[in-house]
Amino acid sequence: MSWTRGLPAVLAVCVLLLTGSVSCGSSDAQERKSGESVSPVGKLLDHTDKEGRHYREVKKKGAPEVGIEVQPGAGDTWDVRLTVHNFRFSPGGTKSRAVAGRGLAYVFVDGRLVTRLRGLTCRLPARFVPRGTHHVTARLYADDGTVWAVTGRPVESTADITASEAAGAPSTTPRAAGPGVRDTYARTGGRGSPERSGTAS
């Protein structure tokens, strides 16, 4: 008799617990007031870049994309302009965590990191581009330092440029190479500025 009377009470407690857990899980644990998801984004892979930063795999649909164009600038400099799709640059001081479609771009010359961008443009001094042909690559990173990746490859784009004999001065208008992983889009956002006052150092 006592067992049959206790069963409804036990069931009532179970229902309350289940209801409470769903209610708690759908609030701050999943979303901030700004609407940004704070749940884990993508899947961390064993693959890393040369500096040991892990790739963060996301689905192809809606993944960040980047294109790069490099043109001769004033003096012996080179002007770098990025185009991005499904991606927004995070301002300085952003918390170190991955948020879908957010982060910054790292710019490499021949595989060597020369600057980190929080915007679409930067200027490369001649010292980064000595005489000869070079590969300038823009790669997208999340704010936690992981590399955005699709199908196991980093989201990046590379342009080939050639500096003439005169102290790294541009010899001709460089061609933008095909994108490294994703298609290059013609869309652009507003003008941005990299760290270090717009010049790689």
Side-chain angles (χ1 to χ4, degrees), residues 47-56 64-94 96 102-150 153-201:
H47 292 73
T48 64
D49 66 5
K50 288 169 76 174
E51 288 76 35
R53 297 178 186 93
H54 284 273
Y55 288 9
R56 183 174 293 278
E65 301 174 29
V66 63
I68 186 170
E69 184 178 358
V70 185
Q71 298 288 340
D76 292 343
T77 64
W78 295 86
D79 291 332
V80 177
R81 175 172 287 278
L82 307 183
T83 55
V84 294
H85 187 60
N86 298 325
F87 186 78
R88 286 193 300 162
F89 289 96
S90 299
T94 300
S96 178
R102 295 294 298 264
L104 60 161
Y106 287 22
V107 177
F108 301 85
V109 176
D110 298 329
R112 176 182 165 224
L113 177 63
V114 295
T115 194
R116 295 173 179 87
L117 293 181
R118 294 191 181 275
L120 294 172
T121 62
C122 73
R123 179 167 289 157
L124 298 177
R127 70 181 181 274
F128 291 119
V129 190
R131 179 183 146 206
T133 299
H134 303 278
H135 310 293
V136 182
T137 300
R139 184 179 301 147
L140 298 183
Y141 287 75
D143 290 309
D144 65 352
T146 54
V147 185
W148 290 116
V150 175
R153 299 176 64 192
V155 176
E156 63 182 25
S157 186
T158 299
D160 297 333
I161 60 174
T162 301
S164 69
E165 299 181 14
S171 58
T172 58
T173 301
R175 68 175 178 84
V181 174
R182 312 288 293 156
D183 292 333
T184 304
Y185 281 75
R187 331 174 21 171
T188 59
R191 257 180 100 83
S193 60
E195 297 171 352
R196 304 185 187 94
S197 306
T199 301
S201 57

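What you see is a predicted model; the values in this text were computed from it and never measured.
Minimum heavy-atom separation, L82 to G119: CD1-O, 4.3 Å. The two residues V155 and P64 come nearest to each other via the heavy atoms CG1-O, 3.3 Å. Taking every heavy atom of both residues into account, D79 and G73 meet most closely at OD2-CA, 3.5 Å. Of all the heavy atoms in R56 and T146, the pair that sits closest is NE-OG1, 3.0 Å.
Between the OG1 atom in T94 and the CG atom in D144 there is a gap of 12.0 Å [rounded to 0.5 Å]. Annotation: the span from Y106 atom OH to L140 atom CG amounts to 11.0 Å, rounded to 0.5 Å. Rounded to the nearest 0.5 angstrom, T158 OG1 and I68 CD1 are separated by 7.0 Å. Taking CD of E69 as the reference point, atom OG of S157 lies at 10.5 Å (rounded to 0.5 Å). Taken to the nearest 0.5 Å, the CZ atom of R118 stands 5.0 Å off from the CG atom of L104. Between the CG atom in D110 and the OG1 atom in T133 there is a gap of 9.5 Å [rounded to 0.5 Å].
For the 3.5 Å distance criterion, the side chains of D160 and H135 qualify, holding a donor opposite an acceptor.
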Stepwise side chain to side chain contact (heavy atoms under 4.5 Å, CB included) check, D49 with Y141: CA-CA 11 Å; D49 66 5; Y141 287 75; 2.7 Å; yes
Start with the C-alpha gap between F128 and H134, add the side-chain angles, then the distance that decides, and say whether side chain to side chain contact (heavy atoms under 4.5 Å, CB included) holds. CA-CA 10 Å; F128 291 119; H134 303 278; over 6 Å; no
Audit row: W78, V136, side chain to side chain contact (heavy atoms under 4.5 Å, CB included) steps and yes/no: CA-CA 10 Å; W78 295 86; V136 182; over 6 Å; no
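Between the side chain of W148 and the main chain of R102, a donor-acceptor pair closer than 3.5 Å is present.
For F108, the ring-ring contact (aromatic ring centres under 6.0 Å, His included) criterion is met by no residue, not counting sequence neighbours. Residues satisfying the side-chain hydrogen bond (donor to acceptor under 3.5 Å, both in side chains) criterion with T48, sequence neighbours excluded, are absent altogether.
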